[in-house]
Amino acid sequence: MPEADAPTKNDKKSDKEFYVDVPQESRSFFLKGSNAHDWGMNNRLARIFNPQSGKTVMLAFDHGYFQGPTTGLERVDITILPLCPYADALMLTRGILRSVIPPAFTNAVVMRASGGPSILKELSNEQIACSMEDAVRMNVSAVAVQVFIGGEFETQSVANMTRLVDQGNRHGIPVLAVTAVGKDMARDAKYMRLASRICAELGAAFVKTYYVPEGFETVTASCPVPIVIAGGKKLPELEALRMARDAVAQGAAGVDMGRNIFQAEAPVAMIQAVRKVVHENMSPEHAFDFYQSAKKQPRKR
Ligand code: 5RP
């Protein structure tokens, strides 16, 4: 025993405090279905989802991986960079991450790891488009993979996901399964339940689906891991805020929104308004008032 720690005859009370009467707390992780992950994976999830609110506002701008420079994403450096500080996580491709996002940016990154076909071809024919080694090198918080339940290449896309889950588990990288609804499929709760449940059963750490107005709470209830919603096609701003509120009220753990933010009339004001709904429980109407006044503020370049 080192000299300083050795008890002496005259010692009445040690200056050390072991709190012997206080049992160590064993806390559960704040995200549903996520207790059994390793520390590194949960640490990454806690960078995507805010541990205080339990929710996330992800900004999706990975559309170029199959659509090219779609409206609002012609110049990511000009239109998207000003939004990044307001996003809990950026959802993007490794090409944009390396070419446009400054490495000093420290919010979470969810990196698209599947791809292949363009809008000119069969979209479900995707393959894994990024190695886990490269994802680790870029210090991402999760990888995202498209899953086409009911699509022509359904099995291949599910296999892309399960391979990424195996590789991600090795490195502590969570996998976000993005459920892609084919053009001819019904976008309803029955489909979303089927798709999201398959993704969770096969190992996705969290799942992205579209919001459906009828029965969305059954989608979140039957999926054992967190669900975030895609924004979908551009809506009027108040409607988009209402959709975010409805989704969160019905069990979503946040949004992964693209066009409804970057195609808004005032994207910086819009992402802040979405945050108010998702993280602060603000009503969509109050968040819309906030948006209207924030959009009048002069923007710094
Ligand atoms: C592509 C994606 C996109 O990231 C996402 O769905 C697009 O977001 P939004 O619908 O809000 O524009 O996963 O399939």
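Read the numbers this way: they start at 1 and go in the same order the structure lists the ligands and their atoms. On a predicted model such as this, the values are computed, not experimentally measured, just so you know.
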Regarding Glu126 and Tyr65, do their side chains bring together a donor and an acceptor under 3.5 Å, going by distance alone? yes

4.0 Å heavy-atom contact, Asn260 with ligand 1: no

Heavy-atom gap Lys233 to ligand 1 smaller than 4.0 Å: no

May I ask you to say whether Lys55 pairs ionically with Asp88, meaning some side-chain N is under 4.0 Å from a carboxylate O? no

How long is the span from the OG atom in Ser131 to the CD atom in Gln167, to the nearest 0.5 Å? 8.0 Å

Protein heavy-atom partner closest to atom 4 (O) of ligand 1 - residue, atom, separation in Å: Asp62 OD1, 2.4 Å

Just jot down the ligand 1 atoms closer than 4.0 angstrom to any heavy atom of Met257, in number order. 11 (O)

Does Gly231, backbone or side chain, put an N or O under 3.5 Å from an N or O of ligand 1? yes

List ligand 1 atoms under 4.0 Å from Arg112, heavy atoms only on the residue side. 2 (C), 13 (O)

Around atom 5 (C) of ligand 1, find the nearest protein heavy atom and jot down its residue, atom name and distance. Lys208 NZ, 3.0 Å

Interatomic distance, CG@Leu235 vs CD@Gln263, rounded to 0.5 Å, equals 10.5 Å

Are any of the heavy atoms in Gly232 under 4.0 Å away from ligand 1? yes

In this structure, OG of Ser283 is separated from CD of Glu280 (nearest 0.5 Å) by 11.5 Å

Taking the ring of Phe30 and the ring of Phe49, is the distance between their centroids below 6.0 Å? no

Do Arg47 and Ser141 meet the criterion of a side-chain donor-acceptor pair at a distance under 3.5 Å? yes

At less than 4.0 angstrom from any non-hydrogen atom of Val178, what atoms of ligand 1 do you find? 13 (O)

What I want to know is whether Arg259 and ligand 1 share at least one N or O pair that is separated by under 3.5 angstrom. yes

Would Arg163 and Asp166 count as a salt bridge (Lys or Arg N to Asp or Glu O under 4.0 Å) here? Give the steps. CA-CA 5 Å; Arg163 279 180 55 202; Asp166 284 334; over 6 Å; no

Numbered atoms and elements of ligand 1 in range of Ala60, under 4.0 angstrom, heavy atoms: 4 (O), 8 (O)

Heavy-atom nearest pair, Met270 first then Asn260, reads CG-O, 3.4 Å

Protein contact of atom 14 (O) of ligand 1 - nearest heavy atom, named by residue and atom, plus distance: Gln146 NE2, 2.7 Å

Among non-hydrogen protein atoms, atom 8 (O) of ligand 1 lies closest to His63 NE2, 3.5 Å

What I want to know is whether Gly258 and ligand 1 share at least one N or O pair that is separated by under 3.5 angstrom. yes

